[in-house]
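Working notes, beginning with the structure itself.
Residue numbers begin at 1 in each chain, while the letters A, B, ... track the order of the sequences.
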Protein chains: 2
Amino acid sequence: MTHHSDQRAYFFKIDTTIKKIRNALQKRLTDSGFDLTVDQWVLIDHIFRQNGISQNELAELTFKDPPTVTRIIDILQKKGLVERGLAIGDRRKFRLTLTDDGVAIYHAAFPVVAEIRRKGWGSLSEADYQHFVRIMDSIYQNFAEPTGKKA
Amino acid sequence: MTHHSDQRAYFFKIDTTIKKIRNALQKRLTDSGFDLTVDQWVLIDHIFRQNGISQNELAELTFKDPPTVTRIIDILQKKGLVERGLAIGDRRKFRLTLTDDGVAIYHAAFPVVAEIRRKGWGSLSEADYQHFVRIMDSIYQNFAEPTGKKA
DNA sequence: ATCCAATAAAAGGCATGATAATTATTGGTC
DNA sequence: GACCAATAATTATCATGCCTTTTATTGGAT
């Protein structure tokens with residue numbers, strides 16, 4: 001039972017780090033004149049890359065809850081950046097697409113987001129990235145339910 | 001300009017991992033019969049270890065905002081787990097202490113929290129922990145404001 | 001003693017995360 | 001073709017994160 005130099009702290013460290021990243025990105029977006037939250041950006045980014053996606057699919061991809069997606073889409077729709085089109089063949093679903101304004105915002109905000117991403121990663125190496133992914137995935141998997149039933 | 005195998009994903013990965021940890025811990029607390037959220041636990045833990053701490057000090061230590069601490073303390077006070085005592089020499093401050101019930105809850109919940117922590121870290125090594133800390137701290141520091149003025 | 005900037009906490013507003021309950025629709029089954 | 005479990009989305013509720021404004025108090029300057 002090696003007691004990992006205060007291994008207790010990993011939750012806290014991840015929590016403070018993600019807050020820092022969020023705050024930095026939010027500040028950068030706001031300072032650049034974008035009326036967007038980080039999560040609103042995340043949805044715009046996904047809709048751009050998967051035009052016509054439904055809300056539940058979007059929820060699954062972004063690891064958000066359906067109610068959260070509903071609310072954020074409401075806001076984005078009010079801002080005129082996203083449209084809820086009817087899906088063909090299933091009247092329960094919506095086909096989410098970006099409006100022209102939404103596409104414009106996407107292209108304008110992308111470089112800003114990319115810059116913050118680069119700034120955060122800084123001079124960390126490719127090897128660091130592989131460590132990072134391995135450790136995060138490992139923690140995630142350690143909490144994953146044993147999927148007894150496969151399809 | 002090595003393009004780090006989709007280095008873009010680190011925000012997303014940290015975000016999903018911390019959500020997973022939070023959800024696992026919350027579920028474990030609830031299933032064990034504790035009427036506590038993760039953040040309420042975090043404050044109880046800190047008050048236990050720093051008896052008499054003030055709300056702002058608590059906010060700083062936990063990286064939460066003062067308004068957030070006010071609200072969580074309100075809840076913990078209503079639950080009878082925390083008391084707001086008057087600080088000596090400064091009537092603006094409160095001296096936060098756990099009630100007897102609060103102390104009992106602390107001792108009862110601690111092993112549960114520790115178990116989840118161990119489960120999450122799993123078989124990751126001490127070397128992994130050092131990589132983890134180095135990478136997280138590095139990202140954090142990359143966003144830290146250059147503190148031009150040192151006291 | 002008086003005024004004033006700074007501090008501790010609270011209050012109000014908006015956005016998100018999570019859960020539970022509800023509505024509309026779908027696809028099967030009998 | 002009526003019944004019913006499953007699905008997509010919404011609504012409601014509570015807790016948290018962050019920001020701004022306000023109140024009470026403090027300590028120092030004049």
Quiz item: Would you say a side-chain N or O of A/N23 is under 4.0 Å from OP1 or OP2 of D/dC18?
Solution: yes
Quiz item: Is there a side-chain polar atom (N or O) of B/K93 under 4.0 Å from OP1 or OP2 of C/dT7?
Solution: no
Exercise. Name the nucleic acid region contacted by B/Q40, choosing base, sugar-phosphate or nothing; use a 4.0 angstrom heavy-atom cut-off, strictly under.
Key: sugar-phosphate
Exercise. Please report, rounded to the nearest Å, how far the P atom of D/dA9 is from the CD1 atom of A/I73.
Key: 10 Å
Quiz prompt | Nucleotide D/dC18, atom P - distance to CD1 of A/I18 in whole Å | solution = 11 Å
Practice problem: Taking only the side-chain nitrogens and oxygens of B/T37, find out if one of them lies under 4.0 Å from OP1 or OP2 of D/dT16. | Solution: yes
Quiz item: Roughly how many Å is it from CZ in B/F63 to P in D/dT16, rounded to a whole number?
Solution: 19 Å
Practice problem: May I ask you to evaluate whether A/N56 reaches the phosphate of D/dT7, defined as a side-chain N or O under 4.0 Å from OP1 or OP2? | Solution: no
Exercise. For A/I44 and C/dA15, give me the distance from atom CD1 to atom P, rounded to whole Å.
Key: 14 Å
Exercise. Give the nucleotide from the list C/dA11, D/dG17, D/dA15 with an atom nearest to the side chain of B/P67.
Key: C/dA11
Quiz prompt | Nucleotide of D/dA9, C/dA9, D/dT26 approaching A/T70 most closely (side-chain heavy atoms) | solution = D/dA9
Practice problem: Mark yes when over 12 heavy atoms from residues, nucleotides or ligands other than B/D100 sit less than 6.0 Å from its CG; otherwise mark no. | Solution: no
Quiz prompt | Whole-Å gap separating P (D/dT16) and CG (B/L58) | solution = 13 Å
Quiz item: Does A/R84 put a side-chain nitrogen or oxygen below 4.0 Å from OP1 or OP2 of D/dT10?
Solution: yes
Quiz prompt | Distance below 4.0 Å between B/Q55 side-chain N/O and C/dA10 OP1 or OP2 | solution = yes
Self-check item: Atom pair OG1/NZ of B/T16 and A/K64 - distance to nearest 0.5 Å
Solution: 11.0 Å
Practice problem: Would you kindly give the CG-to-P distance between A/D39 and D/dT16, to the nearest whole Å? | Solution: 18 Å
Quiz prompt | Beyond-backbone contact of B/I116 with A/F143, side-chain heavy atoms, under 4.5 angstrom | solution = yes
Exercise. Whole angstrom is fine here: how far is it from CD in A/E60 over to P in D/dA8?
Key: 9 Å
Exercise. Please determine which of B/V42, B/V103, B/L98 meets the side-chain contact (heavy atoms from CB on, under 4.5 Å) test together with B/I47.
Key: B/L98
Quiz prompt | Salt bridge B/K19-B/D15, side-chain N to carboxylate O under 4.0 Å | solution = yes
Exercise. Mind calculating the distance between CD1 (A/I72) and P (D/dA9) to the nearest angstrom?
Key: 15 Å
Practice problem: Would you classify B/D74 as touching base, sugar-phosphate or nothing, given that sugar-phosphate means primed atoms plus P, OP1 and OP2, and contacts are heavy atoms under 4.0 Å? | Solution: nothing
Quiz item: Can you tell me how far the CG atom of A/D90 sits from the OG atom of A/S54, to the nearest 0.5 Å?
Solution: 9.0 Å
Practice problem: Using heavy atoms to find the nearest nucleotide of DNA chain C for B/R71 and B/E57 separately, return the residue whose nucleotide is more 5′. | Solution: B/E57
Quiz item: Closest nucleotide of DNA chain D for B/I75 versus for A/P66: which of these residues is on the 5' side?
Solution: A/P66
Quiz item: For C/dA8, does either OP1 or OP2 sit under 4.0 Å from a side-chain N or O belonging to B/S54?
Solution: no
Quiz item: So what does B/D65 hit on the nucleic acid, given a heavy-atom distance under 4.0 Å: a base, only sugar-phosphate, or nothing?
Solution: base
Practice problem: Check whether any side-chain N or O of B/R91 sits under 4.0 Å from OP1 or OP2 of D/dT26, and answer yes or no. | Solution: yes
Exercise. Could you work out which one of D/dT10, C/dT25, C/dA10 sits closest to the side chain of A/R92?
Key: C/dT25
